[in-house]
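Here the structure comes first, spelled out in structure tokens, and everything after it is commentary.
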Amino acid sequence: MCIVGYIDDKIQDYSGYQEIFKRFGIELLFCGDISSKEKILNWILENKITCIIADYNLNTKVNFTGNDLLNYLLCQVPDLPCVIFTSYLSQAQRRKNVPSFLVFDKDDLSNREKREYLCKEIKNCSEIFNNRLMEREKRFLSLKEKKMNLLITNIEEEEFLNLYKFLRMYLDLDDIPTQLLKSNIDKKLDEILNDLNNLLDK
């Protein structure tokens, strides 16, 4: 079952949506605290959300729109699928921050054919996100091996560290020795400082 996060400033539609999505093998979770983008991001990561559905406006309780939120989330979690639910379809589509096929009129859920299409797209997007996570993990493990054998280049090392930061948000990675998380440049600086301290102590 894929886990989808629902972000709206009104909860009244949630239980109905939850029931609809459940029939299609989608677990819909409601974000209870949308007071800041950072809190929403933390909620997404804590719940291992693989797709987001956000209301386009959101502005009755917060000072940012669903559109602003999605721009923020996509910078923090690349590839996270984001779907917009709105009563202002053409306005939301004009913003171009998500593909137009992921912008839905809220009334679409009352139409069986459109409802099935929406759920199919959400499941497909979640699966793609999970597949990309797995590909990132494979690449990370390959770079980890190179790092442990001192065969990693500086560019690969930067990629390794970035992958670690990203993947630990979503996956239960094995603990990594602190030394592995230090870049070669940091290590060389440590060695130079250590040598300098030894000289000063003499």
Side-chain angles (χ1 to χ4, degrees), residues 1-89 91-93 95-111 114-134 136 165-173:
M1 183 173 280
C2 65
I3 303 173
V4 174
Y6 179 57
I7 300 166
D8 200 340
D9 53 0
K10 298 179 283 294
I11 197 171
Q12 57 259 37
D13 294 329
Y14 170 60
S15 58
Y17 291 166
Q18 188 181 37
E19 190 58 39
I20 289 168
F21 282 100
K22 191 176 180 182
R23 290 184 220 135
F24 291 89
I26 298 169
E27 183 180 357
L28 192 66
L29 302 181
F30 183 77
C31 185
D33 184 356
I34 62 167
S35 57
S36 74
K37 296 174 190 174
E38 293 75 19
K39 284 184 178 177
I40 294 170
L41 175 63
N42 288 334
W43 174 79
I44 288 168
L45 298 175
E46 284 166 12
N47 290 283
K48 305 289 192 271
I49 302 290
T50 58
C51 181
I52 284 295
I53 296 173
D55 179 62
Y56 177 69
N57 279 329
L58 288 184
N59 51 11
T60 62
K61 285 189 180 174
V62 293
N63 60 0
F64 53 87
T65 66
N67 194 68
D68 297 330
L69 172 65
L70 295 189
N71 285 333
Y72 168 78
L73 293 177
L74 287 169
C75 289
Q76 303 301 316
V77 188
D79 294 334
L80 179 67
C82 297
V83 174
I84 292 179
F85 268 16
T86 182
S87 300
Y88 308 94
L89 191 64
Q91 186 180 347
Q93 286 174 330
R95 295 302 295 267
K96 301 287 186 193
N97 66 337
V98 299
S100 58
F101 70 89
L102 292 178
V103 181
F104 291 89
D105 192 308
K106 287 185 175 183
D107 291 338
D108 285 351
L109 281 175
S110 60
N111 179 295
K114 290 179 179 179
R115 183 168 63 232
E116 286 179 0
Y117 173 75
L118 167 64
C119 291
K120 181 183 168 189
E121 288 302 319
I122 287 173
K123 288 180 82 170
N124 185 46
C125 288
S126 290
E127 190 176 342
I128 290 169
F129 181 73
N130 280 322
N131 288 342
R132 287 180 177 169
L133 274 181
M134 295 307 105
R136 281 186 170 107
K165 287 173 193 169
F166 177 78
L167 288 171
R168 70 180 179 163
M169 294 190 294
Y170 266 90
L171 303 177
D172 295 322
L173 296 175

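With sequence neighbours left out, Ile3 forms a side-chain contact (heavy atoms from CB on, under 4.5 Å) with Glu27, Leu29, Ile49. For Gln76, the side-chain hydrogen bond (donor to acceptor under 3.5 Å, both in side chains) criterion is met by no residue, not counting sequence neighbours. Residues that satisfy the side-chain contact (heavy atoms from CB on, under 4.5 Å) test with Lys37, not counting sequence neighbours, are Phe64, Asp68, Leu69, Tyr72. With sequence neighbours left out, the ring pair (Phe, Tyr, Trp, His ring centres under 6.0 Å) criterion links Phe166 to no other residue. With sequence neighbours excluded, no residue forms a side-chain hydrogen bond (donor to acceptor under 3.5 Å, both in side chains) with Asn131. With sequence neighbours left out, the side-chain contact (heavy atoms from CB on, under 4.5 Å) criterion links Asp33 to Ser35, Lys39. With sequence neighbours excluded, the residues satisfying side-chain hydrogen bond (donor to acceptor under 3.5 Å, both in side chains) with Tyr6 are Asp8. Residues passing the salt bridge (Lys or Arg N to Asp or Glu O under 4.0 Å) test with Lys120: none are found, sequence neighbours excluded. Lys48 is linked by a salt bridge (Lys or Arg N to Asp or Glu O under 4.0 Å) to nothing, counting only residues two or more places apart in sequence or in another chain. A search for ring pair (Phe, Tyr, Trp, His ring centres under 6.0 Å) contacts involving Tyr14 returns Phe30, not counting sequence neighbours. With sequence neighbours excluded, the residues satisfying salt bridge (Lys or Arg N to Asp or Glu O under 4.0 Å) with Arg132 are Asp79. Take Lys22 and apply the side-chain contact (heavy atoms from CB on, under 4.5 Å) test, not counting sequence neighbours, and it matches no residue.
Looking at Val83 and Cys51, their side chains come closer than 4.5 Å, going by heavy atoms from C-beta outward. Residues Phe85 and Ile7 fail the side-chain proximity criterion, which asks for heavy atoms closer than 4.5 Å. Two residues are said to be in side-chain contact when any heavy atoms from C-beta on lie closer than 4.5 Å; Phe24 and Ile122 fail this criterion. Side chains of Leu28 and Ile53 form a contact here, defined as non-hydrogen atoms less than 4.5 Å apart.
Between Ile26 and Cys119 the shortest heavy-atom distance is CD1-O, 3.8 Å. Of all the heavy atoms in Lys123 and Cys2, the pair that sits closest is CG-SG, 4.0 Å. A pairwise comparison of heavy atoms in Pro78 and Arg136 identifies CB-NH2, 4.0 Å as the closest pair.
With rounding to the nearest 0.5 angstrom, the CZ atom of Arg115 is 10.0 Å from the CZ atom of Phe21. A distance of 5.0 Å separates CD1 in Ile84 from CG in Leu70, rounded to the nearest 0.5 Å. Once rounded to the nearest 0.5 Å, the distance linking CG of Leu118 with CZ of Phe104 reads 4.5 Å. Summarising the geometry, atom CG belonging to Asn47 is positioned 11.0 Å from atom CG belonging to Asn42; distances are rounded to the nearest 0.5 Å. A distance of 12.5 Å separates CG in Leu133 from CD1 in Ile128, rounded to the nearest 0.5 Å. Interatomic distance, CG of Leu73 versus SG of Cys82, reported as 6.0 Å (0.5 Å rounding).
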- Message: Before you tell me yes or no, could you show the steps for Trp43 and Ile34 under side chain to side chain contact (heavy atoms under 4.5 Å, CB included), namely the whole-Å CA-CA distance, both residues' side-chain angles and the distance that decides it to 0.1 Å?
- Response: CA-CA 9 Å; Trp43 174 79; Ile34 62 167; over 6 Å; no

